[in-house]
Amino acid sequence: MSISVNEASDIQREISERSAPDYLDQLEAEAIYIMREVAGQFERPALLFSGGKDSITLVHLAKKAFAPGKIPFPLVHVDTGHNFIEAIEYRDELAEKINAKLIVRYVEDTIKAKGLKEQTGKNASRNWLQTFTLLDTIEEFEFDACIGGARRDEEKARAKERIFSFRDEFGQWDPKRQRPELWNLFNGRIQKGENVRVFPISNWTELDVWAYLKREGIALPSIYFAHERELILRDGKLLNNTPVIEPDPEDQIVTRQVRFRTVGDMTCTAAVESSAATLDEVIAEITISRISERGETRIDDQQTEAAMEDRKKGGYF
Amino acid sequence: MDDGKSTLIGRLLYDTKNILADQMEAIERASKTRNAGEIDLALLTDGLRSEREQGITIDVAYKYFQTPNRKFISIDAPGHIQYTRNMVTGASNADLAIILVDARHGVVEQTRRHSLIASMLGIPHVIVAVNKMDLVGNSEDAFLEIAKSYKELAEKLSIKDLTIIPVSALNGDNIVDRSESMSWYTGETLLSVLENVNVLKDQNQEDGRFAVQYVIRPQTEELHDYRGYAGRVQSGTFKKGDAIKVLPSERESKIAKIEFGGNEIQEASVLQSVTILLEDDIDISRGDTIVTVDNSPIVSQDIEALVCWMDDKKTLKPGNKYVLQHGTARSRCSIRDIEYQIDINSYEKLDEVEALKLNDVARIVLRTAQPIAYDPYQKNRANGAAILIDETSNVTVGACMIE
Ligand SMILES: Nc1nc2c(ncn2[C@@H]2O[C@H](COP(=O)(O)OP(=O)(O)OP(=O)(O)O)[C@@H](O)[C@H]2O)c(=O)[nH]1
Ligand SMILES: [Mg+2]
C-alpha cells in the first residue's frame with residue numbers, strides 16, 4: 001500500500017486531551033533533576049537564553065530547582081541583532097526581576113572582529129554565524145556546560161540527540177558517535193576545552209510547553225499573542241517588516257492580525273495568522289493545527305533536508 | 001536488523017494520525033529521491049544523513065504521540081549489532097519493549113540478544129511483533145511456529161508479561177487496525193496492547209532512597225542557616241518527621257521540612273524532585289544517599305553486576321580501572337573478575353573468559369574505592385543501576401545491573 005499526501009492532510013487530527021497534570025509534573029521533575037545534575041557535575045555552566053518560550057520555561061524550571069537560592073549559573077544570550085525587540089525587552093526585564101547574571105554577546109562584534117562574510121540576498125540570515133559567537137563566548141567564559149531549550153519533537157536531528165550532548169573542543173556534535181546514555185545516569189565528564197550541551201526539556205512537546213506555561217502562570221512576550229502587524233508576504237510566509245530583511249522585488253507589504261508560534265531571528269521566523277489573544281486560545285489553535293511548529297514558522301530548516309544536523313555538526317546548539 | 005522497526009513506528013504514528021501534514025510532505029519528498037516512489041515511513045525516524053543514505057537506523061530517535069487514551073514516547077532503536085549500545089540506551093528507560101521478528105527468518109541471533117538485554121534491564125512488558133507477514137502469505141502456521149520458538153526462548157529469560165502479534169508494518173496489519181488478511185488472528189492489535197498495559201507503576205514504592213545531587217545554601221541574610229539537599233526521590237516516599245540515615249556515613253537525623261520550588265510540601269514520592277531539610281547539621285554532599293532509617297540498602301565496596309560492554313576500542317579485563325557512576329556518586333573501581341559470560345544464542349554461562357568485547361554480556365565482580373549504597377537492580381531499578389566510565393576517554397563504556 002502506498003500513502004499519499006492528500007490522504008494524510010485530509011485526516012482531521014483529533015482534539016485530544018491536553019497533558020494531564022500528573023504528566024506535566026513528571027516532565028517538570030525530570031527537567032529539575034537534569035538542571036541539578038548540571039549544577040552538581042560542572043564548574044562553569046550557563047543557560048542559553050533567547051527570550052523565546054522554551055528558554056523562558058527553562059528559566060522558570062531553574063528557579064524552582066534551586067529555590068530559595070539563586071540560579072547558580074548566568075543566562076547567556078547570543079544576540080544576532082536580528083531579534084524581535086519584544087523578546088529583548090522581556091529578556092532584560094526577566095534577568096533584572098530574578099536578579100540573574102545576564103551575559104550578552106553580539107554576532108555583529110564577531111563579524112567585525114573576525115572579518116566574517118555575511119549571507120546576502122533573499123532569505124539571508126545570521127543563523128550560521130551565530131555559532132561563531134556562541135563558541136567564542138564559551139571559550140571566553142570557559143563554560144563547560146550550556147543548557148538549552150531544544151526539544152526532541154521539534155526536528156528530526158534533535159529527535160536523535162542525547163540529553164547530555166557531548167561536544168568536542170570545536171563545539172561539534174558527532175551523531176555517529178554519541179555517548180551511550182543509560183537510565184538517568186548522565187555522564188558529564190569531559191576534558192578541558194570540551195563542553196556538554198544539556199537539554200532538560202528534551203522530552204517535552206510543543207503542547208506540553210504551552211500547557212505548562214499556562215499552569216504556572218508564566219508571562220510571555222506579547223508577540224506570542226494575536227496583534228496587528230505590518231509584514232512582508234514572501235513565498236506564502238509572513239515575515240516581520242524590518243530593514244534587517246533584504247527586500248525582494250516579489251515581496252508584498254501587508255497588514256495582518258498575527259501571532260508568532262516560535263521566536264527566532266526576524267529573518268527566518270514567520271508569523272501565523274491568528275486571533276488567539278490568550279493562552280487558552282493559543283493552545284486551542286495549536287491542538288488542532290495540522291502543521292508542525294518549525295514547519296509553519298522556520299525558514300532556516302527548510303533550506304536543505306539536513307539543515308539542522310549540519311548546523312549542529314558545526315557547533316550550533 | 002531490517003525487520004521493519006522504523007517502518008512500524010512510522011506506521012503506528014501514521015495510523016494514529018500523529019504525523020502532521022508538513023512532516024508527511026517531507027517524508028514524501030525524501031522518499032522520492034531514494035526509491036521508485038513508494039512512501040518510506042521509516043524516514044520519519046531515520047532522520048540523520050547517514051541513516052538515510054544507507055537505509056538503516058544508527059541511533060535512537062524519540063517520537064511523541066498520543067491517542068485519546070494515552071500519551072506515548074516511542075523510541076526507535078537500531079537493529080544492527082554494531083549499534084547495540086544505542087539500543088541499550090533507548091531500552092534503559094522503557095516501560096515496554098516491542099521486539100520485531102521477520103516472519104521469513106524467525107528468531108535469529110539479534111532477537112536473542114535484544115531479548116536478553118530487555119530482560120536484564122527488567123523491562124516489565126514485552127511484545128513480540130512477527131513482521132512482514134505479507135511476505136509469508138499471511139500464514140497462520142508460519143506465525144505459530146515462530147511464536148512457539150520465541151516462547152521457548154522467553155522461558156529461559158525472566159520476561160514477565162509477553163504478547164506475540166502477527167503484523168505487517170508495511171501494510172498496517174494488526175498495528176492500529178485489525179488485519180483483513182489474517183482473519184485467523186483473534187488477539188489484540190499492537191495499539192490496543194499499548195493502550196491497555198498497566199505501567200502504574202512498575203516503580204518501587206517501598207524503599208525510601210534519595211540521592212543528593214546538590215546542596216542549596218543561599219547564604220543571604222534571611223536564609224543564613226539554610227541548608228537544603230536537592231535531589232530526586234528514586235524510590236519509596238519521604239515525609240516530614242521521618243527518621244533518616246545518610247549513607248555511606250551512617251549518620252542519623254529527622255526530616256525537618258520538604259520543599260518544592262521554595263514552598264513546603266508534606267510528602268515526596270517516587271520521581272519527585274524536591275529539597276530536603278534535616279533537623280541536625282550533619283555533613284552531607286553530592287553523592288550521599290538519604291534513606292529511611294528502618295530500610296537500608298547494602299553498603300559495600302565489593303559489587304557483583306551484570307554488565308553490557310559497550311566500548312568498540314578497548315576490552316574489559318580483570319585489573320582494569322574505571323569510574324563507576326551510581327546515582328549521584330562516582331567512585332574509582334577496579335575489575336576483580338569476570339565470573340562468566342552469557343552466550344547470546346544459548347544463554348549458557350561461559351566460564352574462563354579473559355576479556356569482554358563490544359556487546360558482550362557478562363557477570364563481573366568489582367571493587368570500588370568508596371563504599372556504594374545500592375539495592376539489587378531487579379528489586380530496585382533506580383538504585384541498582386550504574387555505569388562504567390573510561391577514565392581517559394571519559395566515554396560511558398559499561399551498563400551495570402547490580403545483583
Ligand atoms: N514486505 C514488507 N516489508 C516491510 C515490512 N516492514 C518493513 N518492511 C521493509 O523492510 C525494510 C527495512 O525496514 P526498516 O523499517 O528500515 O527496518 P529496521 O528494523 O528499522 O532496520 P534497522 O533499524 O536498520 O535495524 C524496508 O525496505 C521496509 O520497507 C512489512 O511488513 N512487509
Ligand atoms: Mg530502523
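First the proteins, then the strands, lettered A, B, ... as listed; each starts at 1.
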Select, from B:Ala26, B:Ala61, B:Ala91, the one with the greatest count of heavy-atom pairs under 4.5 Å involving chain A.
B:Ala61
Measuring only between side-chain heavy atoms, which start at C-beta, is B:Arg232 closer than 4.5 Å to A:Glu30?
yes
Interatomic distance, B:Ile387 atom CD1 to A:Asn187 atom CG [nearest 0.5 angstrom]
5.0 Å
Given that the side chain runs from C-beta out, which part of B:Asp134 has a heavy atom under 4.5 Å from chain A: side chain, backbone, both or neither?
neither
Quick one: which residue pairs count as a salt bridge (charged side-chain N to carboxylate O under 4.0 Å, His left out) with a foot in residues 58-71 of chain A, not counting sequence neighbours?
A:Glu28-A:Lys64, A:Lys64-A:Glu216
Which bit of B:Arg52 comes within less than 4.5 Å of chain A, counting heavy atoms only: side chain, backbone, both or neither?
side chain
For the student: nearest non-hydrogen atoms of A:Leu182 and B:Ala399, plus distance
CD1-CB, 3.7 Å
Counting C-beta onward and ignoring hydrogens, is there a side-chain heavy-atom pair between B:Val395 and A:Arg177 closer than 4.5 Å?
no
Select one option (side chain, backbone, both, neither) describing which atoms of B:Ile73 are under 4.5 Å from chain A's heavy atoms.
side chain
For residues B:Gly262 and A:Ala67, report the shortest heavy-atom separation together with the two atoms involved.
N-CB, 3.6 Å
Measure B:Cys400 against the heavy atoms of chain A and call it side chain, backbone, both or neither at under 4.5 Å.
backbone
Side chain to side chain contact (heavy atoms under 4.5 Å, CB included) for A:Asn203 and B:Tyr64? Distances and angles first, verdict last.
CA-CA 8 Å; A:Asn203 288 325; B:Tyr64 304 81; 2.5 Å; yes
For A:Gly295 and B:Asp22, the nearest pair of non-hydrogen atoms, with its separation, is CA-OD2, 3.2 Å
Pairs of heavy atoms under 4.5 Å with chain A: top-ranked of B:Ile75, B:Asp312, B:Asn263:
B:Asp312
Is it the case that atom CD in A:Glu43 sees more than 12 heavy atoms from other parts of the structure closer than 6.0 Å?
no
More than 12 foreign heavy atoms under 6.0 Å from CD of B:Glu195: is that the case here?
yes
For A:Arg179 and B:Ser393 the tightest heavy-atom approach is NH2-O, 4.0 Å
Honestly, the part of A:Lys312 sitting under 4.5 Å from a heavy atom of chain B is neither
Chain B heavy atoms under 4.5 Å from A:Phe186: which part of the residue, side chain, backbone, both or neither?
backbone
Considering only heavy atoms, which portion of B:Thr84 lies under 4.5 Å from any heavy atom of chain A: side chain, backbone, both, or neither?
neither
Distance alone, cut at 3.5 Å: any donor-acceptor contact between the side chains of A:Gln41 and B:Arg330?
yes
Please determine whether side chain to side chain contact (heavy atoms under 4.5 Å, CB included) holds for the pair A:Arg162 and B:Val60, giving the CA-CA distance in whole Å, both sets of side-chain angles, and the decisive distance to 0.1 Å.
CA-CA 9 Å; A:Arg162 300 282 187 260; B:Val60 286; 3.6 Å; yes
Residues 189-198 of chain A vs chain B, non-hydrogen distance cutoff under 4.5 Å, contacting residues -> A:Arg189, A:Ile190, A:Gln191
Quick check on B:Val323 against chain A: is it the side chain, the backbone, both or neither that has a heavy atom closer than 4.5 Å?
side chain
Is the closest side-chain heavy-atom distance between A:Ser202 and B:Tyr62 below 4.5 Å?
no
Indicate yes or no: does B:Asp46 engage A:Lys156 in a salt bridge with an N to O separation below 4.0 Å.
no
What part of B:Gln219 is in contact with chain A, defined as an atom under 4.5 angstrom from a non-hydrogen atom: side chain, backbone, both or neither?
neither
Below 4.5 Å, heavy atoms only, C-beta onward: do B:Leu121 and A:Trp183 meet side chain to side chain?
yes
Looking only at heavy atoms, which two atoms of B:Thr275 and A:Arg36 are closest? And how far apart?
OG1-NH2, 3.0 Å
Would you mind checking which part of B:Leu48 comes under 4.5 Å of any heavy atom in chain A, side chain (CB onward), backbone (N, CA, C, O), both or neither?
both
Which bit of B:Ser285 is near chain A, if near means a heavy-atom gap under 4.5 Å: side chain, backbone, both or neither?
neither
Would one find more than 12 heavy atoms of other residues, nucleotides or ligands at under 6.0 Å from atom CD of A:Gln172?
yes
Donor-acceptor contact present, side-chain B:Gln213 to main-chain A:Tyr33, <3.5 Å
yes
Donor-acceptor pair, A:Lys160 side chain versus B:Gly47 backbone, under 3.5 Å?
no
So, the part of B:Arg286 with a heavy atom under 4.5 Å from chain A: the answer is side chain
Can you find a pair of side-chain heavy atoms, one from B:Thr396 and one from A:Gln178, that are under 4.5 Å apart?
no
Distance-only, no hydrogens or angles: does the B:Gln23 side chain make a donor-acceptor pair with backbone N or O of A:Ser292 under 3.5 Å?
no
Given a strict heavy-atom distance threshold of 4.5 Å, which part of A:Glu37 is in contact with chain B: side chain, backbone, both, or neither?
both
Taking C-beta and beyond as the side chain, do A:Phe66 and B:Pro218 meet within less than 4.5 Å on heavy atoms?
no
dist B:Asn93:CG -> A:Glu181:CD (nearest 0.5 Å) comes out at 8.5 Å
Below 4.5 Å, heavy-atom pairs only: which of A:Ala31, A:Gly40, A:Gly69 has the largest tally toward chain B?
A:Gly40
Treating B:Asp59 as the side-chain partner and A:Lys176 as the backbone partner, does any N or O pair qualify as donor plus acceptor under 3.5 Å?
no
Are B:Leu20 and A:Ile291 packed together at the side-chain level, in the sense that at least one heavy-atom pair is separated by less than 4.5 angstrom?
no
Please flag which part of B:Thr45 lies under 4.5 Å from any non-hydrogen atom of chain A: side chain, backbone, both or neither.
backbone
State, to 0.1 Å, how close B:Ala386 and A:Leu185 come at their nearest heavy-atom pair, and which atoms those are.
CA-CD1, 3.6 Å
